[in-house]
Each structure stands twice: as structure tokens, then as C-alpha cells.
2 protein chains.
Amino acid sequence: MALTREQLIDAAVSVLSEFGLADLSMRRLARELDVQVGALYWHVKSKQELLVDVAAKLLGKVPQPSMPTRQMAPLAIAALLDQLRSALLTIPDSAEVVQLAQTMRPEALAPLGWLLEFLEHAGIPADQALYARHLLLNHLLGSIAAHQEARALAEEPDAVAHAAGSGQEAFEYGIRVILQGLAVEHPASAE
Amino acid sequence: MALTREQLIDAAVSVLSEFGLADLSMRRLARELDVQVGALYWHVKSKQELLVDVAAKLLGKVPQPSMPTRQMAPLAIAALLDQLRSALLTIPDSAEVVQLAQTMRPEALAPLGWLLEFLEHAGIPADQALYARHLLLNHLLGSIAAHQEARALAEEPDAVAHAAGSGQEAFEYGIRVILQGLAVEHPASAE
DNA sequence: ACCTGAACACCGTTCAAGT
DNA sequence: ACCTGAACACCGTTCAAGT
């Protein structure tokens with residue numbers, strides 16, 4: 001039967017998961033799916049568009065949390081970020097893929113919409129909530145990328161292990177600092 | 001006369017500045033320098049190594065600040081980040097290049113060493129200062145990338161301008177939030 | 001020491017033509 | 001509607017051989 005867009009996305013997710021972004025080429029996908037390269041372009045407009053769908057699929061693993069009370073908003077934000085982290089941490093180069101998707105079609109990434117809602121619910125004015133989300137997202141994706149590089153370097157023979165700010169600890173430290181900074185910047189949300 | 005490594009780096013900086021990372025290929029550089037591609041590999045081991053030198057050159061524009069007093073450390077940190085931002089903001093894809101360099105050979109980027117010193121000087125324990133630097137750097141590079149994408153999208157005809165967290169304002173907001181969070185997390189440095 | 005020429009093993013994208 | 005075949009215009013890297 002005919003190839004579907006879903007199959008194409010799934011194949012992309014699986015190659016990414018097993019081999020990383022460097023091996024995720026349209027030609028490789030075509031080989032994997034037993035079609036010619038050109039066939040893929042009937043289902044997606046470009047590789048970038050495919051990667052957006054890959055990112056959406058990865059983040060789709062995160063369950064939608066219920067809206068917290070105003071006092072619980074910071075906790076809910078931290079919890080959501082933790083969920084995002086564990087959804088992405090084991091997928092090589094996932095940070096890069098999500099970054100791309102976020103700039104190409106941010107509305108395709110539902111959990112990032114929830115994050116914004118939670119921030120506003122915590123008492124941060126709408127315009128600044130966008131900035132705050134950027135801050136949190138840059139930290140999340142940066143931490144994930146650093147963690148994955150650390151693992152990659154550790155596998156190479158000539159690895160000098162100068163990977164700091166990699167692990168869970170660094171991630172949580174950053175979240176704590178940002179949330180505290182937000183509480184200072186927006187005192188209304190502090191209690 | 002013979003090609004030098006310096007000339008190669010300069011050519012790379014200039015192609016990056018004018019056309020961006022997508023156009024910065026070894027073959028293009030060879031064309032620009034009137035040599036065969038293979039010649040470049042006598043001067044650098046790989047494209048990645050060249051990009052590290054490009055990043056170092058870009059950050060080399062930032063003058064070394066003198067060590068601040070302990071109370072002035074947060075201000076000095078903010079000032080240094082501002083300098084880094086203006087050194088990179090006009091260079092397309094500079095954030096990506098710096099990110100690569102930072103993971104490949106962090107010691108090649110002197111200003112990032114100063115940043116770490118300032119953080120420790122501000123009273124942050126050495127291990128956490130590494131985390132804090134990551135946090136600041138992710139925000140810096142994230143802001144620069146967002147700003148450049150916003151400009152890139154604005155030039156395209158079918159641009160939907162959903163670029164928030166792009167400008168100077170977003171950058172400074174983030175710095176403020178992080179520095180405040182750090183002050184809360186490390187009360188010794190608060191006064 | 002420094003470079004050429006040529007190869008190797010790839011890319012993303014397009015598109016007439018087939019079924 | 002969906003795919004093939006083939007082309008277009010590229011990549012990074014290596015290396016024998018030349019000067």
C-alpha cells in the first residue's frame with residue numbers, strides 16, 4: 001500500500017532516535033522506506049517541514065497538565081519542564097530539532113503553549129511571559145544539548161571530559177534560579 | 001605567496017558575515033582564495049576546527065574588562081554580556097558557531113573564561129558558577145539566534161511575524177531575571 | 001612545505017514521465 | 001493520487017602526485 005505521511009514521520013523519528021540528526025537524510029529515509037527520494041516530496045514540502053513534525057511528535061509524548069492554581073503555577077511550570085526534558089533527553093539532537101520547529105512553526109508545539117499559559121497564570125504580564133518562556137526554553141534546550149554532547153564525547157577515545165552544566169543537577173539549578181528571578185521581577189506572583 | 005591559516009580564517013569570517021553559515025563551505029572558501037579544496041586541509045584539520053577559530057575571532061573583538069569589586073560583579077557581568085551580544089549580533093548564525101566552539105574547545109573563547117571568573121568573584125561557588133554561566137550563555141546565544149531569525153523572516157515575502165523575545169528588551173529582561181535569581185540563590189553575593 | 005587533481009561517498013530538491 | 005528515474009547543483013574529506 002501507499003506510503004503515508006505518518007509513516008514518513010515515524011521513520012524520521014526512528015532514524016533520529018537511533019542514529020542522530022547527521023544520519024537523518026531524505027535519501028536515507030527513502031532507502032528505509034523502499035521508495036525513491038522523490039517520493040518523499042509528495043508527502044512533505046521539505047526536510048524542514050518534516051523536522052517540524054518530528055519535533056511535534058517528540059513533544060506529543062508529554063501529557064497535558066491541568067491548569068494549576070495561581071500559587072501552584074511555579075511548581076507546575078517546573079513539572080512541565082521536567083516532562084519536556086525527559087521526553088527529549090534520550091533522543092539525540094532533539095534540542096536542535098525542537099529549536100528549529102519552535103522558530104518555524106511554534107504553534108505546532110502544544111506543550112510550549114501550555115508553558116506560556118502557566119506563566120501568565122503565575123501573574124506575569126503577557127509580553128514579559130513571552131520573554132520568560134524564551135528564557136526557560138533556552139535553558140531547557142541548552143541543558144539537553146550539553147548533556148548529549150557530554151555523552152557523545154565520553155564515547156570518543158580522545159575525549160577530554162570538560163562537560164559541566166550537563167546533568168540533572170545543572171538543569172534543576174537553572175530552573176530554580178530563573179523561577180526565583182521571576183518571583184523577584186514580578187512580586188505579585190511571589191505569594 | 002602561500003596561503004596562511006590566518007587568511008583562511010579571515011575568509012571564513014567574511015563569508016559568514018556576508019552570507020551566513022549555509023554558504024560557508026570549504027569549497028566556497030577555496031574558490032574565494034583561488035586554491036583547490038584540498039589545499040585548505042593542509043592548514044586546518046577540519047571545517048569544525050576552522051569554525052572554532054572563527055568563533056574565537058568573533059569574540060576577540062570584546063576587550064578584556066578589569067576585575068570588578070565584589071559588589072560590582074553583577075554589573076560587570078551584565079556589561080560583559082552586553083559586549084558579547086554586540087560582537088555577535090550583526091554576524092549571521094554567530095550563535096550557532098559560538099555554541100559549536102564552546103562545546104569543542106571552550107578554552108579557545110577567552111571572554112567566557114572571564115565570565116566564569118566574575119561569577120565566582122560574585123560569591124558563587126565554583127561548581128555552581130559553571131551552571132550559572134551555562135544559564136547566562138544559553139540566554140545570550142538564544143536571544144541572538146531569535147533576533148537573527150526575526151530579521152531573516154522579516155525579509156521573506158511570506159513571513160508571519162511571530163518573533164517575540166527577539167530584541168534588546170528581551171535580552172535585558174532575561175539578564176535581569178537571572179541575576180536576581182542568582183542573588184536569591186547565593187545570598188552572600190546580594191549585598 | 002605547500003598545493004593540485006581527482007576521486008569517494010554523500011547531500012536536498014525538482015520534475016517529466018509513468019501507473 | 002502516488003511514485004520512478006534521472007538529473008541539477010552541491011557537500012566534507014582524503015591522498016597520491018607534483019613543485
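Keep in mind it's a predicted model, so treat the numbers as computed, not measured. Throughout, protein chains are lettered first and strands after them, A, B, ... in sequence-line order, and every chain is numbered starting at 1.
Between the B:R133 side chain and the B:L116 main chain, no donor and acceptor come within less than 3.5 Å of each other. Judged purely by atom type and a 3.5 angstrom limit, B:Q83 has no side-chain atom pairing as donor or acceptor with the backbone of B:P65. With A:K61 contributing its side chain and A:S86 its backbone, the two residues share no donor-acceptor pair below 3.5 Å.
Checked against a 6.0 Å centroid threshold, the rings of A:F171 and A:H139 count as neighbours.
Pair assignment for C:dT19: D:dA1, on the basis of Watson-Crick or G-U wobble contacts that are both within less than 3.5 Å. Searching all strands for a Watson-Crick or G-U wobble partner of D:dA6 with both distances below 3.5 Å returns C:dT14.
In this structure, A:R28 places its CZ atom 24 Å from P of D:dC11, rounding to the nearest Å. In this structure, NZ of B:K45 is placed 13 Å from C1' of D:dG12, rounded to the nearest angstrom. When rounded to the nearest whole Å, the span between CG of B:L21 and C1' of D:dC11 equals 13 Å. Atom CZ of A:R27 is separated from atom C1' of D:dA9 by 11 Å (rounded to the nearest Å). To the nearest angstrom, P of C:dC15 lies 16 Å from CE of A:M26.
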Heteroatom pairs (N/O) under 3.5 angstrom, protein to nucleotides 1-5 of chain C:
from, atom 1, to, atom 2, distance (Å)
C:dC3, OP1, B:L3, N, 2.8
C:dC3, OP2, B:H43, NE2, 2.5
C:dT4, OP2, B:Q36, N, 2.7

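Using C1' as the reference atom, D:dA9 and C:dC10 are 14 Å apart when rounded to the nearest Å. Taking atom C1' on both nucleotides, C:dC3 is separated from D:dC15 by 12 Å, rounded to a whole Å.
Contact annotation: B:Y41 reaches the phosphate of D:dT13 (side-chain N/O to OP1 or OP2, under 4.0 Å).
The cationic group of B:R28 lies under 6.0 Å from the six-membered ring centre of B:F19 and within 45° of the ring axis, placing it in a cation-pi geometry.
In A:M72, the CE atom is not crowded: 12 or fewer heavy atoms of neighbouring residues, nucleotides or ligands sit closer than 6.0 Å.
Side-chain contact of B:Y131 with A:E169: a donor-acceptor pair under 3.5 Å is present, judged by distance alone.
Side-chain proximity of A:S25 to D:dT13, C:dT13, C:dG12: nearest is C:dG12.
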